[in-house]
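Remember, it's a predicted structure, so these values are computed and weren't measured experimentally. Numbering of residues begins at 1 and proceeds along the displayed sequence.
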Amino acid sequence: MERTLDDHDFIVSKTDTKGRIVYANRIFIELSGYREDELIGEHHNIIRHPDMPRSVFKLLWDQIAAGNEFLGYVKNMARDGSFYWVMATVTPDRSGRSEIGGFTSVRRKPRKEAVAAAAGLYQDMLAAETTAGARDAIAAGTGVLEQALNGRSYEAFVLAL
């Protein structure tokens, strides 16, 4: 069963540098189906949907760990097994001048056409990851993504969807 955000909803969460949730707004709590006390302290992958390629999360973590913003489409899974798509913007939080102290993720309702395109690409990436096996999964999924990007940055690709 698919859940959807309202047009003006924003999901906001904050994590520490290890990806453990330290803040979740009301919309995130409601949509995820977890209570606040079940989310706080848990790794953000508590809502990871199995349809999401590991290589997308590798790209996300590489980007934000380097101090860059990540922009992308993500399929999440609620506690009851339902799912919801979001357009996610993940930004490093700086403690002081340069040290990254955590991350803020703001998610909003994605366009249906973009979700369809992202879902197709992610299916291909996931198939490559599965075929390659656990050891080579991320490289295989990344290869499919790089072919789809055709020289563009992931962010440019996402914005074009």
Side-chain angles (χ1 to χ4, degrees), residues 1-5 7 9-21 24 27-28 31-34 39 42-93 100 102-161:
M1 181 169 118
E2 183 172 6
R3 297 178 180 207
T4 58
L5 287 164
D7 290 337
D9 283 345
F10 284 90
I11 297 173
V12 180
S13 60
K14 290 180 177 261
T15 67
D16 63 15
T17 57
K18 302 291 186 190
R20 290 181 299 252
I21 300 168
I27 295 169
F28 180 34
L31 201 56
S32 74
Y34 290 93
L39 291 170
E42 290 297 318
H43 196 278
H44 212 284
N45 67 10
I46 192 171
I47 59 166
R48 182 175 183 256
H49 196 284
D51 288 350
M52 285 298 299
R54 290 173 46 202
S55 44
V56 170
F57 290 108
K58 169 83 165 86
L59 174 64
L60 180 153
W61 278 102
D62 287 351
Q63 287 291 311
I64 62 176
N68 301 314
E69 184 174 79
F70 173 85
L71 181 68
Y73 292 94
V74 178
K75 184 177 184 179
N76 290 322
M77 187 166 66
R79 182 180 193 165
D80 65 2
S82 62
F83 67 93
Y84 56 99
W85 280 92
V86 295
M87 168 57 122
T89 304
V90 184
T91 307
D93 296 332
I100 296 173
F103 306 100
T104 298
S105 179
V106 178
R107 281 97 69 204
R108 63 186 186 273
K109 183 178 181 177
R111 293 181 308 107
K112 287 183 185 196
E113 305 81 23
V115 167
L121 173 60
Y122 291 175
Q123 271 184 331
D124 294 344
M125 292 171 70
L126 195 58
E129 288 181 4
T130 302
T131 300
R135 191 183 77 208
D136 299 320
I138 291 175
T142 300
V144 171
L145 176 61
E146 287 172 352
Q147 186 174 14
L149 295 178
N150 195 25
R152 295 177 289 179
S153 71
Y154 181 74
E155 185 174 87
F157 175 78
V158 166
L159 292 173
L161 292 180

Practice problem: Check ring-ring contact (aromatic ring centres under 6.0 Å, His included) between Y84 and all other residues, then give those that pass, not counting sequence neighbours. | Solution: none

What's the separation between atom [atom1] in [X] and atom [atom2] in [Y], rounded to the nearest 0.5 Å?
X   : Y    : atom1 : atom2 : value
I47 : R79  : CD1   : CZ    : 14.0 Å
F70 : L60  : CZ    : CG    : 4.5 Å
T4  : K109 : OG1   : NZ    : 5.5 Å
M52 : N76  : CE    : CG    : 8.0 Å
R20 : H44  : CZ    : NE2   : 13.5 Å

Within the 4.5 Å heavy-atom criterion, are [X] and [Y] side-chain neighbours or not?
X    : Y    : result
L39  : S32  : yes
W85  : E2   : yes
V158 : M87  : yes
I27  : V12  : no
R107 : V74  : no
N45  : F57  : no
L126 : E129 : yes

Contact summary for [X] and [Y], nearest pair of heavy atoms:
X    : Y    : answer
R48  : P53  : NH2-C, 3.8 Å
M125 : S55  : CE-OG, 3.2 Å
T17  : I100 : CG2-O, 3.4 Å
Y73  : P110 : CE2-CB, 3.5 Å
V144 : A128 : CG2-CB, 3.5 Å

Quiz item: Which class fits the ring pair F103 and W61: parallel under 30°, tilted 30 to 60°, perpendicular over 60°?
Solution: perpendicular

Practice problem: Name the orientation class of the two ring planes belonging to F83 and H49 (parallel below 30°, tilted from 30 to 60°, perpendicular beyond 60°). | Solution: perpendicular

Self-check item: Full working for side-chain contact (heavy atoms from CB on, under 4.5 Å) between D124 and Q147
Solution: CA-CA 11 Å; D124 294 344; Q147 186 174 14; over 6 Å; no

Quiz prompt | Inter- and intrachain pairs under salt bridge (charged side-chain N to carboxylate O under 4.0 Å, His left out), touching residues 144-161, at least two apart | solution = none

Exercise. Hey, could you give me each pair passing salt bridge (charged side-chain N to carboxylate O under 4.0 Å, His left out) that has a residue in residues 53-76? Not counting sequence neighbours.
Key: D51-K75, K58-D62

Exercise. Please name the residue in the list T15, D93, T89, T91 that meets the side chain to side chain donor-acceptor pair (under 3.5 Å) test with T104.
Key: D93

Exercise. Start with the C-alpha distance between L145 and L121, add both sets of side-chain angles, then the distance that settles side-chain contact (heavy atoms from CB on, under 4.5 Å), and finish with yes or no.
Key: CA-CA 8 Å; L145 176 61; L121 173 60; 3.8 Å; yes

Self-check item: Side-chain donor/acceptor of R3 to backbone N/O of L31, under 3.5 Å
Solution: yes

